[in-house]
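Written out below as structure tokens is the structure these notes cover.
Naming: A, B, ... by sequence-line order, numbering from 1 per chain. Quick note: numbers below take in every heavy atom, side chains included, and nothing from hydrogens, waters or symmetry partners.
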Number of protein chains: 2
Amino acid sequence: MTEPNETRRPYHHGDLKRVIIDTALKMLSESNGWQFTLREIARRAEVSHAAPYKHFPDKDSLLAELALIGFDKLRDDLTISIGLLAASPIEQLIASAGAYIRFGLANPSHYKLMFSADAGGAGVVHLNERAMSAFAVLRDILKRGQNEGIFKKHPLEGQAAACWAQVHGLTMLSIDGLLLPEKVGANAIEAALRTLLEGLQK
Amino acid sequence: MTEPNETRRPYHHGDLKRVIIDTALKMLSESNGWQFTLREIARRAEVSHAAPYKHFPDKDSLLAELALIGFDKLRDDLTISIGLLAASPIEQLIASAGAYIRFGLANPSHYKLMFSADAGGAGVVHLNERAMSAFAVLRDILKRGQNEGIFKKHPLEGQAAACWAQVHGLTMLSIDGLLLPEKVGANAIEAALRTLLEGLQK
DNA sequence: ACCTGAACACCGTTCAAGT
DNA sequence: ACCTGAACACCGTTCAAGT
């Protein structure tokens, strides 16, 4: 359907790594899980099935890179969500929780991949760093809330873990179809977040 | 190492389905994820690689059955944990949360499999039923707590979702190595559960 | 009723060889 | 510096045939 830019596809693709990543991201969004094959990616990119190995040592490395990209995107989404309103920590927490869950539900396979140790392999360290970087957004809201006397001054780590676990749990359970309205009430997610907030507030 | 019971292994194995499930459970506990192969299971069971197909239509069906078994075990663990003490709902909630997280950390691959839609396929319905059956244990504690005037009388669904999401989130993040003491404090899990409880209590 | 052996259509990964 | 083609050692799954 789309006409190639070059009249003859050159031997050297030029930007294959980008294309591989983009294709993989698309396949991630098109189906459940990350069972897509490297060979299928190569087919869609119109290169030989061995070509991807010039850019990634193996499939796990590609998956790890996709996970990194996901955490960066999540951090950006969270940052944007709290920036939109120069509001109270409570409002910020609600907004960022919403953004977090929305990210997960919009990209379920990608989200699950981000937290899957499969994606680890060699690059687990970087992965955890990026995860913590997204996590830090939530943590900072809590810190501000404590400083402003809105949240209880309990150890920050515990509160932060509670928030992260709550949004992660809600996101995962929703993705896996276990928080459906028929099962668990129409707005269980909002209610759950309210419960969390009541535990945090003075 | 172990001597077979029969002097000559008979053509008909007799209890192959059980052996397949047990072998799969063992492999699940021996490595990350469920990338084990049906052929390897057949090898360990000393049958042909086609034999498992007489008992499971495909690999996903086997995985689904493993997930069912997991939810049943989890429900049992939860039930036992609250039965040990004829205690207050608060103590029961803490005990069951502990049992829940311990289950996940003791069987990380199995736990993740239980919540993985991969395992769904045809039997998603039964799976969700079993999941809800485990979930009901938590829900009942909350119900009692409300009746006894210990927990806020907010809609039960929201409170239950908050509890499940909290323990599920803590379990998953721990499994994935994101709640390590170095990262997030020594007893972030206990602290997170305390935050949850403070949101529930009157 | 349950199991085997051969066969099919795939994978991931490697490597010498091409441009 | 980047890509290809053939090759290897696997899979999951099927099916006619055996016991």
Side-chain angles (χ1 to χ4, degrees), chain A residues 4-24 27-28 30-67 113 116-123, chain B residues 4-24 27-28 30-67 113 116-123:
Chain A
N5 288 333
E6 304 85 4
T7 47
R8 291 190 304 144
R9 249 175 21 76
Y11 190 86
H12 291 80
H13 188 287
D15 202 13
L16 185 53
K17 182 164 184 176
R18 244 280 65 77
V19 172
I20 289 170
I21 289 176
D22 290 343
T23 308
M27 297 179 81
L28 212 43
E30 280 171 357
S31 62
N32 284 345
W34 41 97
Q35 298 315 318
F36 60 78
T37 70
L38 247 32
R39 289 174 105 110
E40 173 66 18
I41 291 177
R43 259 174 244 127
R44 296 204 190 182
E46 296 185 291
V47 291
S48 82
H49 61 256
Y53 286 87
K54 297 298 144 186
H55 300 277
F56 301 94
D58 51 29
K59 187 182 174 185
D60 278 350
S61 298
L62 170 58
L63 292 179
E65 189 130 346
L66 298 178
L113 173 61
S116 191
D118 312 22
Chain B
N5 288 334
E6 304 87 2
T7 48
R8 292 190 303 145
R9 247 177 22 76
Y11 190 85
H12 291 81
H13 188 288
D15 203 13
L16 185 52
K17 182 164 185 174
R18 244 285 59 81
V19 173
I20 289 171
I21 289 177
D22 290 344
T23 308
M27 297 180 82
L28 212 43
E30 279 171 357
S31 62
N32 284 345
W34 41 98
Q35 297 316 316
F36 59 77
T37 70
L38 247 31
R39 288 173 106 111
E40 174 66 19
I41 291 177
R43 258 173 245 128
R44 296 204 190 182
E46 296 184 292
V47 292
S48 81
H49 61 256
Y53 287 87
K54 299 298 146 187
H55 300 276
F56 301 95
D58 51 30
K59 187 181 174 186
D60 277 350
S61 299
L62 170 59
L63 293 179
E65 189 130 345
L66 298 178
L113 173 61
S116 191
D118 312 21

Given C:dC3, D:dC3, D:dT14, the nucleotide with the shortest approach to the side chain of B:Y53: D:dT14

Please list, chain by chain and in numerical order, all residues satisfying side-chain hydrogen bond (donor to acceptor under 3.5 Å, both in side chains) with B:R44, sequence neighbours excluded. B:E30, B:E40

Show the nearest heavy-atom pair for residues A:L113 and A:L63, with the distance to one decimal. CD2-O, 3.8 Å

Just the rounded figure in Å: distance from C1' of D:dC2 to CZ of A:F56. 14 Å

Using atom types as modelled and distance alone, determine if a side-chain donor or acceptor of A:K17 lies under 3.5 Å from a backbone N or O of A:P52. no

Listed partners of A:K54 passing side chain to side chain contact (heavy atoms under 4.5 Å, CB included), at least two apart: none

Go ahead and write out DNA chain D as dot-bracket, 5' to 3': ( ) for pairs within the strand, [ ] for ones crossing earlier pairs, | when the partner sits on another strand, dots for unpaired; Watson-Crick or G-U wobble, both distances under 3.5 Å. ||.|||||...|||||.||

With sequence neighbours left out, what residues match B:D58 under salt bridge (charged side-chain N to carboxylate O under 4.0 Å, His left out)? none

Respond yes when some side-chain nitrogen or oxygen of B:H49 is under 4.0 Å from OP1 or OP2 of C:dC3, and no when none is. no

Write down the protein N/O and nucleotide N/O pairs, taken from nucleotides 8-11 of chain C, whose separation is under 3.5 Å; answer none if there are no such pairs.
residue : atom : partner : partner atom : Å
C:dC11  : OP1  : A:R43   : NH2          : 3.2
C:dC11  : OP2  : A:R43   : NH2          : 2.8

Could you give the CG-to-C1' distance, from A:D15 to D:dC2, as a whole number of Å? 13 Å

May I ask you to say what A:K54 touches in the nucleic acid, namely base, sugar-phosphate or nothing, with a heavy-atom cut-off under 4.0 Å? base

Which of the following nucleotides, D:dC3, D:dG5, D:dT14, is nearest to the side chain of A:A50? D:dG5

